[in-house]
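Quick notes on the structure that follows.
Each chain gets a letter, A, B and so on, in the order the sequences are listed, and its residues count up from 1.
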Protein chains: 2
Amino acid sequence: MDISWDDMRTVMCLVRGGSLAAAAQELGLNYTTVARRITRAESDLGGKLFDRLADGYQPTDAGLLVASHAEQMDRQVDTLMRELQGRDANLLGPLTITAPQLLIAHVLTPVIDQFCGAYPDIDLHVRATNDLLDLNRREADLAIRISRDPGDSLKGVRLTAQQSASFATPALARAIADDPTSPIDWIVYADYAAVPKNVDSSYPNHRIRMTFDDMVAIRAAAQAGLGVARMPLFLGHASHGLVQVPVLPPQPYPDIWVVAHRDVWAAAKVMAFREMLVPFMRGRRAQFVA
Amino acid sequence: MDISWDDMRTVMCLVRGGSLAAAAQELGLNYTTVARRITRAESDLGGKLFDRLADGYQPTDAGLLVASHAEQMDRQVDTLMRELQGRDANLLGPLTITAPQLLIAHVLTPVIDQFCGAYPDIDLHVRATNDLLDLNRREADLAIRISRDPGDSLKGVRLTAQQSASFATPALARAIADDPTSPIDWIVYADYAAVPKNVDSSYPNHRIRMTFDDMVAIRAAAQAGLGVARMPLFLGHASHGLVQVPVLPPQPYPDIWVVAHRDVWAAAKVMAFREMLVPFMRGRRAQFVA
DNA sequence: ACGAAGTCATGCGAAAACGCGTGTATTTGC
DNA sequence: GCAAATACACGCGTTTTCGCATGACTTCGT
C-alpha cells in the first residue's frame, strides 16, 4: 500500500476545488488527468476517496483524511520555497509585490518605475488589490499595507504615519463655508458606516447620504459633488476636483508598512526593493500627514 | 518556482541513500530516472541540489534543505497510511508482524499457523528479527517484543511475565552437582558481559568463558557443552540437550508484550491477530515462569 | 419549458517519462 | 598492480501519461 505524493496533492486540490475542473486549473492540468490520478490513488490505497455525484466529486472520510495530510505537506512545500527564496542572492527573476490599488496609483508608481530601471533583470509583478494576499502561501513576496501592525509571522517596518481628513468638491466646500449649520452629506465606508468622530463642532448637522464598500467609488462620488468623504490625506490631495474641507480636522489613520514573511525578508530582491522604497516613502512624509 | 512533490521525495531518497542506485532501489525505479528527476528538480528550483562527485551525489545546503522538508512530508504520509490502515475493517490483504527469532521458532509457530488457517484471505508476513523494526515507518504492523514497557507512541498489552535461569548440558550439570566449588564457565551475552547476579551461594567460583552478541550462538555453545548460559525459561526448556542447572535460580526477565502503533491498534487485521495471540500466550504461562 | 453552463465519462493521438543497454571514470579488494 | 565492483552519463525504443475532442447528464436561470 503506497501512494504517489503528487496524487496526494491532486486529492487535496480536488477537495479544495470541489470539481475536477477547478482542481485541474489549480494544478495546471487537464481535468481528465485529475480524474485519472484520483482513480489511481483510490486503487493504490484500496478504497474510495470520492463519491461521484452528479454535481461533482464529494470526498469520503478517507478522502478528507488524505487531503488533510496533504495540506500539511503543502505547508512544508510553502515553507521550503520561502526558505530557498530567502537564500537567493541573485537580483534576477520574478518578484511579486502587492499594495492597495490607490496607494500604487497615487504614490508608488515612481518608485516602481525607478526599481524596474535599476534592476532590469528582475521581472516585477505588481498585484494591486485591497485583498490581503497570503504571504505564507507566497501569493506575493512583499506587501505594502495600511494597518496597525505587521502581523503574525510577518516582519515589517513602518514607512510612515498617516492622517485622514474630509474632502469635497470646491463648490460644496464653498457652500459649507457659507452655511456651516446646513446638513452635511457624508459618503462613508461600509465597514465604518457612521459619521466620523471628532468632527469640528462648528458643523453641527450631519447625515449619511450613501455607503460604499470601495474607496475608489467613494472618491468618485465625492468628485461628483454628492457629498463629503473621509479619506487619507495622500488620496484626497491627489484627487482632481477635490479640496480639503475643515469639517473633519486631520485625524490619525493606520500607518503604512512594508511587510514580508520572515523567511524571505533577507532575500536579495526583497531587500533591494525595500532599500529603494523606505527612503522614497520617508522623503514624502508631507503627503501623508499635515 | 514550483516543484513536483514526487521530485522532492526523490531528492530525499538520494540524500538518504547517497547514490542514484540506492535511491532508485528505495523508490522502485531505475537509477537513470532518479538522475533525470534530480536534474528536473534543480532546473525547477533554479539552483544546484547536489554536487556530482566521482563517488556519488553530494547534497548541497539547498539539497539538504529540500530533503529535510521532504522528511517531514514523509512522516505525514506514514501517519496517513497508518490512519487509513487503522480504519480498515477488512480481514484481507497484507499484515506484517515481527517478533524475535527464537520466540517465533519455539513459541509462536502454532498461533501463526492457527491464524493463517482462520483467515486465509490475509497474507501474513512474518519478520523474524532481533532488530526493533520501526512501527512508525510501518516496517511492521504489529510486534511481539521482550521489553520492560511498550514504548513511546506505541500501544501494547503485556502477554506474560518471564523468568530466566541457567542451562547446561546434562553432563556439565552432573559435574557441577558433583563438585559445586569447581569454577563454573559462563557463556554470556555481550550487552551484559558479566556473571549474572543472584547466583546461588552454593557455587562460589565463576568465570566468563566467552561472550556472544547473539542468543542463538549462546545456546549453540551451551549445547556443545562449553559452559553454562543464562536464558529465558521458554528457550532453555525448548532446547534439546540442555537442562536447567540450579546455579542461577529463576530470575526476573523482561516481559513479553504485543505492541502496535496507536493508529493501527484498532485495525481489523491487527485486532484479529491480537485476539488469537493473547489467550494463546496466557494459556502457556507455564513455559515462561517457574 | 428550454437553452446555457456546469458536471463527468470515454476514446484517440501526441508528448513525456521511463527502463535498458552501452561506455567511462573511480574506488575497492586481492 | 590488476580485476571486480561501484557510480554515473548518454542514447534509443517502449511504456505510460497526458491533453483534446466528443457525448451524456444535471442544474440553473429565463
For B:E83 and A:H69, run side chain to side chain donor-acceptor pair (under 3.5 Å): C-alpha distance rounded to whole Å, both residues' side-chain angles, the deciding distance at 0.1 Å, then the answer.
CA-CA 10 Å; B:E83 289 177 2; A:H69 286 281; 2.8 Å; yes
Starting at the 5' end of nucleotides 20-30 of chain C, put B wherever the base has a protein heavy atom under 4.0 Å, S where only the sugar-phosphate does, and a dash everywhere else.
BB----S----
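Within the structure, every pair that satisfies the ring-ring contact (aromatic ring centres under 6.0 Å, His included) test and touches residues 11-55 of chain B, not counting sequence neighbours, is listed here: B:F50-B:Y57.
Looking only at side-chain heavy atoms (C-beta outward), A:K269 and A:L142 stay at 4.5 Å or farther from each other.
Side-chain atoms of A:R82 come within 3.5 Å of backbone atoms of A:N136 as a donor-acceptor pair (strictly under, hydrogens ignored). Not a single donor-acceptor pair under 3.5 Å links the side chain of B:T211 to the backbone N or O of B:Y189. Side chain of A:E139 to backbone of A:D134: a donor-acceptor contact under 3.5 angstrom is found.
Each end of the helix from C:dA1-D:dT30 to C:dC30-D:dG1 gets its own axis, taken as the rotation carrying the C1' atoms of four end pairs onto the next four within a five-pair window, and the two axes meet at 40° to the nearest 10 degrees.
Within residues 56-66 of chain B, the residues approached by DNA chain D to less than 4.0 Å at the level of any non-hydrogen atom are B:G56, B:Y57, in residue-number order. For the segment residues 4-25 of chain A, the set of residues with a heavy atom within less than 4.0 Å of an atom of DNA chain D is empty.
Bounding nucleotides for the chain B contact on DNA chain D, 5' to 3', at a heavy-atom distance below 4.0 Å, are D:dA7 to D:dC10.
Once rounded to the nearest 0.5 Å, the distance linking CG of A:L108 with CG of A:D113 reads 12.5 Å. Of the inter-residue distances, the one linking A:F273 atom CZ with A:L124 atom CG reads 6.0 Å to the nearest 0.5 angstrom.
With sequence neighbours excluded, the residues that form a side chain to side chain donor-acceptor pair (under 3.5 Å) with A:N30 are A:T32. Qualifying side chain to side chain donor-acceptor pair (under 3.5 Å) partners for B:R145, counting only residues two or more places apart in sequence or in other chains: none. A:S43 is linked by a side chain to side chain donor-acceptor pair (under 3.5 Å) to nothing, counting only residues two or more places apart in sequence or in another chain. Remark: B:R219 pairs with B:H106, B:S239 by the side chain to side chain donor-acceptor pair (under 3.5 Å) rule, at least two apart or across chains.
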Can I get a per-line list of side-chain donor-acceptor pairs under 3.5 Å for residues 7-18 of chain A, giving both atom names and the distance, sequence neighbours left out?
{"residue": "A:D7", "atom": "OD1", "partner": "A:R40", "partner atom": "NH2", "Å": "2.7"}
{"residue": "A:D7", "atom": "OD2", "partner": "A:R40", "partner atom": "NE", "Å": "2.9"}
{"residue": "A:D7", "atom": "OD2", "partner": "A:R40", "partner atom": "NH2", "Å": "3.2"}
{"residue": "A:T10", "atom": "OG1", "partner": "A:D6", "partner atom": "O", "Å": "2.8"}
{"residue": "A:T10", "atom": "OG1", "partner": "A:R37", "partner atom": "NH1", "Å": "3.1"}
{"residue": "A:R16", "atom": "NE", "partner": "A:E71", "partner atom": "OE2", "Å": "3.3"}
{"residue": "A:R16", "atom": "NH1", "partner": "A:E26", "partner atom": "OE2", "Å": "2.7"}
{"residue": "A:R16", "atom": "NH2", "partner": "A:E71", "partner atom": "OE1", "Å": "3.1"}
{"residue": "A:R16", "atom": "NH2", "partner": "A:D74", "partner atom": "OD2", "Å": "2.8"}

Side-chain polar contacts of residues 90-98 of chain B - donor-acceptor pairs under 3.5 angstrom, sequence neighbours left out - could you list them?
{"residue": "B:N90", "atom": "ND2", "partner": "B:D88", "partner atom": "OD1", "Å": "3.4"}
{"residue": "B:T98", "atom": "OG1", "partner": "B:R127", "partner atom": "O", "Å": "2.8"}

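With a 6.0 Å radius and a threshold of 12 heavy atoms from other residues, nucleotides or ligands, B:D213 has its CG atom at or below the threshold.
A:R37 has its CZ atom 15 Å from the P atom of C:dA16, to the nearest Å.
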